Amino acid sequence: MRDIVQGCDAAADQYHVNHWKVWRRFLGLYSRRFSPREIFLWGLLDPSLGRGDLASYVSKEALLRLQRRHNPPEYANLVEDKAVFYPHCEGVGLPVPRLLATFNGDQAWLTEMSRFVSTVDLPEHGRRLGWGDFLVKPGEGVYGRGVRLVRDTAAGWADQFGSAFDTEGIAEYCRQYAVYRRFLLQERVHNHSLIGSLTGVDTLQTVRVITVAAGDGNPGEIVLANWRIAGRNGVTDNFDYGRGGNFLADVDVANGRIRHVVGPAPDRQGVEAASTHPVTGASLAGVTLPHWPLVREVVIAGTVHFAPLQLIGWDIALTESGPVLLEANAWFDAGQNAFCALPMVLEKTRQMESEGR
């Protein structure tokens with residue numbers, strides 16, 4: 001409650017309106033199922049936004065209701081559990097990173113050797129197999145939580161915090177994220193050189209593409225796309241309600257061209273436009289992302305192979321050799337509110353429903 005009071009007080013000061021009007025607007029938005037975090041992040045307390053403007057925003061809860069209507073929960077595991085998602089993609093020929101192992105606190109499955117070993121012995125087998133640098137992540141994790149970039153150093157494996165990822169480190173990791181059933185070790189994927197030159201950071205920066213399909217095995221349609229831009233070096237590019245210092249770019253789904261870029265507004269509510277990258281100073285709007293025809297081809301193929309799921313948010317790495325599917329999400333978040341674009345998803349699903357699909 002204290003955060004809500006502080007947020008409303010800050011909005012009253014920022015927008016130069018009295019507190020009563022701010023609270024009345026806040027309660028109206030809250031009754032429409034917008035969370036306080038959404039209200040403050042998207043700057044919805046701005047009195048210059050009229051009813052028509054507010055109708056362009058979709059709450060996470062409203063989006064989730066739509067997703068549940070079009071994505072049968074019993075099939076959501078196809079995309080939400082990465083230990084299921086990667087083998088399925090490999091089986092149907094969709095490009096994904098090499099899966100090195102899956103593990104829990106007791107045992108690990110070594111993909112290349114097709115055998116179980118004790119998790120205690122995982123470092124020994126990894127060195128023997130020459131894994132080098134890799135990512136560790138929970139099989140059902142979200143927002144980049146629990147992701148570790150493990151590097152092969154002279155002293156052994158170490159994560160991005162400098163902590164040893166040896167037998168004891170792995171055991172501690174499993175305890176820290178005990179809420180998850182299993183974890184994955186995955187080869188590290190690198191950005192296309194164009195992305196490196198634009199941003200100057202090593203963080204893998206992915207494209208989120210949203211598709212709508214009938215879920216009957218016929219190809220779906222790309223509705224929205226945005227590129228998640230890392231504002232500084234880190235392990236993930238997640239926007240995460242603006243807390244990570246990263247940016248979002250609105251991408252033309254037809255040609256992969258960046259139309260607009262926004263980032264979190266420092267010390268104020270709402271997001272603000274950005275024209276250049278904070279590290280390199282490179283202009284971002286107008287840039288065409290690499291391999292876009294292949295991106296379209298991969299996700300449209302995905303709509304066929306992941307039926308009966310109808311609404312999917314695909315996370316795609318753009319590498320030198322082509323697009324690589326990192327994740328797919330049946331319950332993708334409402335980040336496209338940054339561009340007031342989510343009503344397009346609602347419209348496409350309404351159209352599909354009216355056609356009886």
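This one's a predicted model, so the numbers in the text were calculated from it and none came from an experiment.
- Here the side chain of N191 pairs a donor or acceptor atom with the backbone of T203 at under 3.5 angstrom.
- Note on E221 versus K348: salt bridge recorded, some NZ/NE/NH1/NH2 to OD/OE distance being below 4.0 Å.
- Less than 6.0 angstrom separates the ring centroid of F183 from the ring centroid of Y173.
- No chain of hydrophobic side-chain contacts below 4.5 Å, direct or via other Ile, Leu, Val, Met, Phe, Trp or Tyr residues, connects F85 to F103.
- Cluster annotation: L64 is not connected to M344 through the hydrophobic network of ILVMFWY side chains, with a link wherever side-chain heavy atoms come within less than 4.5 Å.
- H305 places no side-chain N or O within 3.5 Å of a backbone atom of G91 that could act as its donor or acceptor partner.
- The stretch residues 266-286 participates, sequence neighbours left out, in these salt bridge (charged side-chain N to carboxylate O under 4.0 Å, His left out) pairs: R268-E272.
- Not one N or O on the side chain of N104 forms a donor-acceptor pair closer than 3.5 Å with the backbone of R181.
- Inter-residue side-chain proximity for F26 and P36 is flagged as met; some heavy-atom pair is nearer than 4.5 Å.
- Here the side chains of V345 and V58 are not in contact, with every heavy-atom distance at 4.5 Å or above.
- The salt bridge (Lys or Arg N to Asp or Glu O under 4.0 Å) test with E61 singles out one residue from R68, R33, R32, and that residue is R33.
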Quiz item: Between L204 and L326, does a side chain to side chain contact (heavy atoms under 4.5 Å, CB included) hold up when you go through it step by step?
Solution: CA-CA 10 Å; L204 190 63; L326 291 185; 3.4 Å; yes
Exercise. Check the pair R25, V17 against side chain to side chain contact (heavy atoms under 4.5 Å, CB included), reporting the backbone distance first and the verdict last.
Key: CA-CA 11 Å; R25 189 180 184 93; V17 294; over 6 Å; no
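- In this structure, the side chains of E297 and P293 stay at 4.5 Å or more apart for every pair of heavy atoms.
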Quiz item: V96 and E90: side chain to side chain contact (heavy atoms under 4.5 Å, CB included), yes or no, with the steps?
Solution: CA-CA 7 Å; V96 290; E90 288 182 346; 3.6 Å; yes
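- Contacts of P73 classified as side-chain contact (heavy atoms from CB on, under 4.5 Å), with partners at least two apart in sequence or in another chain: none.
- Separating the CG atom in N329 from the CD atom in E80 is a distance of 5.5 Å, to the nearest 0.5 Å.
- With contacts defined as side-chain heavy-atom distances shorter than 4.5 Å, the pair W157/D152 qualifies.
- No donor-acceptor distance shorter than 3.5 angstrom exists from the side chain of D121 to the backbone of E124, with no hydrogens or angles considered.
- Across V223 and V212, no two heavy atoms sit closer than the pair CG2-CG2, 3.4 Å.
- No side-chain heavy atom of F165 sits under 4.5 Å from any side-chain heavy atom of P123.
- A distance-only check finds no donor-acceptor pair linking the side chain of E327 to the backbone of K82 [under 3.5 Å].
- With contacts defined as side-chain heavy-atom distances shorter than 4.5 Å, the pair S114/W109 qualifies.
- The minimum heavy-atom distance between A108 and T119, with the atom names listed, is N-OG1, 3.7 Å.
- Residues R208 and D333 form a side-chain contact, since some pair of their non-hydrogen atoms from C-beta on lies under 4.5 Å apart.
- Taken from CZ in F34 to CG in L41, the straight-line distance is 11.5 Å, to the nearest 0.5 Å.
- In this structure, CG on L44 lies 10.5 Å from CG on D53, to the nearest 0.5 angstrom.
- Residue A249 comes nearest to I258 through the heavy atom pair CB-CG2, 3.9 Å, listed as atom of the first residue, atom of the second, then distance.
- Between the side chains of E38 and Y57, no donor-acceptor pair of N or O atoms lies under 3.5 Å.
- Taken from CD1 in I210 to CG in L63, the straight-line distance is 7.5 Å, to the nearest 0.5 Å.
- Nearest heavy-atom pair, W331 versus K60, reported as atom, atom and distance to 0.1 Å: O-NZ, 2.9 Å.
- Hydrophobic cluster membership differs between L294 and V251, with clusters built from Ile, Leu, Val, Met, Phe, Trp and Tyr side chains linked at under 4.5 angstrom.
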Practice problem: Apply side chain to side chain contact (heavy atoms under 4.5 Å, CB included) to F306 and C89, showing your working. | Solution: CA-CA 9 Å; F306 282 86; C89 286; 3.8 Å; yes
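- Residues L198 and I316 share a hydrophobic cluster, clusters being chains of Ile/Leu/Val/Met/Phe/Trp/Tyr side chains in contact below 4.5 Å.
- In this structure, L248 CG and I229 CD1 are separated by 7.5 Å, a value rounded to the nearest 0.5 Å.
- Using a cutoff of 4.0 Å between basic side-chain nitrogens and carboxylate oxygens, D315 and R228 are scored as salt-bridged.
- Note: the hydrophobic cluster containing L325 also contains V253 (ILVMFWY, side chain heavy atoms under 4.5 Å, direct or indirect links).
- Atom SG of residue C174 and atom OH of residue Y180 lie 13.5 Å apart, to the nearest 0.5 angstrom.
- Remark: the backbone N or O of T319 is paired with a side-chain donor or acceptor of H291 at under 3.5 angstrom.
- No donor-acceptor pair under 3.5 Å is formed between the side chain of Q186 and the backbone N or O of L135.
- Looking at heavy atoms from C-beta onward, L45 lies in side-chain contact with Y15 at the 4.5 angstrom threshold.
- Between the side chain of D159 and the backbone N or O of G162, at least one donor-acceptor pair lies under 3.5 Å.
- Judged by distance alone, the side chain of Q67 and the main-chain N or O of F332 form a donor-acceptor pair under 3.5 Å.
- Screening Q336, R257, H260, R259 for a side-chain hydrogen bond (donor to acceptor under 3.5 Å, both in side chains) involving D250 leaves a single residue, R259.
- Considering all non-hydrogen atoms of both residues, I195 and W227 come closest at CG2-CZ2, 3.8 Å.
- In this structure, T111 contributes its side chain and L99 its backbone to a donor-acceptor pair below 3.5 Å.
- Across A213 and T303, no two heavy atoms sit closer than the pair CB-CB, 4.0 Å.
- For the side-chain hydrogen bond (donor to acceptor under 3.5 Å, both in side chains) test with Y177, the passing option among R148, K137, E172 is R148; the others fail.
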